[in-house]
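Written below as structure tokens is the structure these notes are about.
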There are 2 protein chains.
Amino acid sequence: MRNHQVVSAWLEQELAAGRLAIGSRLPGERAMAEQLGISRASVREGTRVLEALGVVRAGVGSGPQAGTVITGNPALALDSALRLHVASAHLPVKDVVETRLLLETWAAAHASPDSPALARAALLLDEMDQHDDGPDGFLERDALFHVALAEAAGNVLIGAMMGSLRGSIAAYTQRLTARLPDWSTTSDRLRTEHRAILDAVLAGRGETAADLVRDHIEGFYREAGVPRDASDSFRRQALSITMPNT
Amino acid sequence: MRNHQVVSAWLEQELAAGRLAIGSRLPGERAMAEQLGISRASVREGTRVLEALGVVRAGVGSGPQAGTVITGNPALALDSALRLHVASAHLPVKDVVETRLLLETWAAAHASPDSPALARAALLLDEMDQHDDGPDGFLERDALFHVALAEAAGNVLIGAMMGSLRGSIAAYTQRLTARLPDWSTTSDRLRTEHRAILDAVLAGRGETAADLVRDHIEGFYREAGVPRDASDSFRRQALSITMPNT
DNA sequence: TACGGCGTGTGGTCCGACCACACAAGCTAT
DNA sequence: ATAGCTTGTGTGGTCGGACCACACGCCGTA
């Protein structure tokens, strides 16, 4: 085992033993280095990995926001991993869209009508009605709406996956809107469909909601004229995705 | 942007521009440090992240196996991430099992009868018949069998996710076998079910295969004494999910 | 009492060094 | 001539120490 892996191994043990939990602060890098018998550089490499996996968050300075703290953000790992693998063309966008369809349909079918996430979803739909700020703003809220639905299903993993999947193909979706014959027509239709989906979920009609979600997503891609053999085009689109913090 | 993030940002650009692809060798750490204007320590931290995400693989020495090479292994990222998040109790095992059920059911329904992965699956079943090396060896091949099924469905992402999900709850599953009343009885049943699943897939009866997979998984947990509540309606979902226009 | 400077501990970055490793070229003994 | 050993070279892996920016909280001062 390489030295930097000692850090994650140690953390996993601590978590399993209950000595650490989400919100706990890790020892300082210098202390951990001495404690684990490795150099601070190795500790840092290990911490960097944990950070990339969404397990910890590092903060400088002092006070409550400082130090390395255990978080629970699985979406972070999926997010960066998916983006890079899509960029390397190892992950066809087709697979991502397919997976998204599967997860979202499931989420719609299993969303609890009582979930507070649905209130957020309703708010987003209101915003989409009021602010008519073009495809970009619409898609932004559309994405949040779908993620809210996923969260309402009460499965953390699927919620995280969905959010990351959307992020990794956001740029692609944006380009698709350019192919639409008439945005305002499509926009109206999507809005109506959103209401229907949310109503179905709130009424506890999960199966209906799932059907509506599937039609909603497939309809969008169909109307945007997704090419039959999409893989090539998909790939080219996906490559334009860039890091948000560049 | 912290310096170590420069590495992944740079790599993403290179991938997008087509100057690098899977299989390419990255410049040496010392060269990259100079090229990117950062220290070698920062380059190493960035490389470590890429490695954790399954994007690159580092090898010492010289020759074809040496240097940092771009790979395409999304499962690696999911694997370690899921393990840690499950350990931190941020990811309930219930969510993982639920997700696994969803993905595997879908995979069984969409597996192509012509896929070469199915030949591998058949080989694994033969091995499970011949080598009776207890629960551990059995579970090992069982895991590979299910992953092979996922690959036969032709979705890299779902295949990777499935493999990782299994890995993240491997220890848990192993513990479960201890609760079984009689291993050899269970083992025989699982073997029979495996054959039935594979036969259904090979015959192109996706829906039947999905049903069998769901019963197969749920049956195991039920026999091991795990109360499974909400797990209906996977079949209908999974069957209807496909890419538009494909 | 209000305020401002400063000590202290945190992660962030860098440097230079040495190690283990694996291959390839060249030397050596047969 | 060839098999086998030696050495050179470049790779990632690790280390210790140094300095920086930062943010908080203490404490002296007005």
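Order of the sequence lines sets the chain letters (A, B, ...), proteins ahead of strands, with each chain counted from 1.
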- request: Would you mind telling me which of D:dG12, D:dA18, C:dC14 lies closest to the side-chain atoms of B:Asn3?
  value: C:dC14
task: Ignoring backbone atoms, test whether A:Arg44 places a side-chain nitrogen or oxygen under 4.0 Å from the OP1 or OP2 oxygen of C:dG12.
output: yes
message: With nearest nucleotide decided by heavy atoms, which residue, B:Ala41 or B:Pro64, maps closer to the 5′ end of DNA chain C?
response: B:Ala41
message: Assuming nearest nucleotide by heavy-atom distance, tell me which of A:Gln65 and B:Glu29 is located more 5' along DNA chain D.
response: B:Glu29
task: State which of D:dT14, D:dC15, C:dG12 makes the closest approach to the side chain of A:Arg2.
output: D:dT14
message: Given D:dC15, D:dC24, C:dG11, identify the nucleotide with an atom nearest to the side chain of A:Ser42.
response: D:dC15
query: If you look at every strand shown and take non-hydrogen atoms under 4.0 Å, does A:Arg25 touch a base, only sugar-phosphate, or nothing?
result: nothing
- prompt: Reckon A:Thr68 touches a base, only the sugar-phosphate, or nothing at all at heavy-atom distances under 4.0 Å?
  reply: sugar-phosphate
Side-chain donor-acceptor pair present, B:His85, A:Asn73, cut-off under 3.5 Å: no
task: Scan B:Gly61 against the nucleic acid and name what it touches under 4.0 Å (heavy atoms): base, sugar-phosphate only, or nothing.
output: base
- prompt: Heavy atoms under 4.0 Å, any strand shown: does B:Arg57 hit a base, just sugar-phosphate, or nothing?
  reply: nothing
task: Please state whether the base of C:dG11 and the side chain of A:Arg30 form at least one donor-acceptor pair under 3.5 Å?
output: yes
- prompt: OP1 or OP2 of C:dC14 less than 4.0 angstrom from a side-chain nitrogen or oxygen of B:Ser39, does that happen here?
  reply: yes
- prompt: Which atoms form the tightest heavy-atom contact between B:Pro27 and B:Gln35, and what is the distance?
  reply: CG-OE1, 4.1 Å
query: Can A:Asp142 and A:His194 be counted as having a side-chain donor-acceptor contact under 3.5 angstrom?
result: yes
query: Hey, does the side chain of A:Arg40 come within less than 4.0 Å of D:dT14's phosphate (OP1/OP2), counting only N and O?
result: no
field: Rounded distance (Å) that lies between atom C1' of D:dC15 and atom CE of A:Met32
entry: 17 Å
- prompt: What pair of heavy atoms forms the shortest contact from B:Leu157 to B:Asn155, and how long is it?
  reply: N-OD1, 3.0 Å
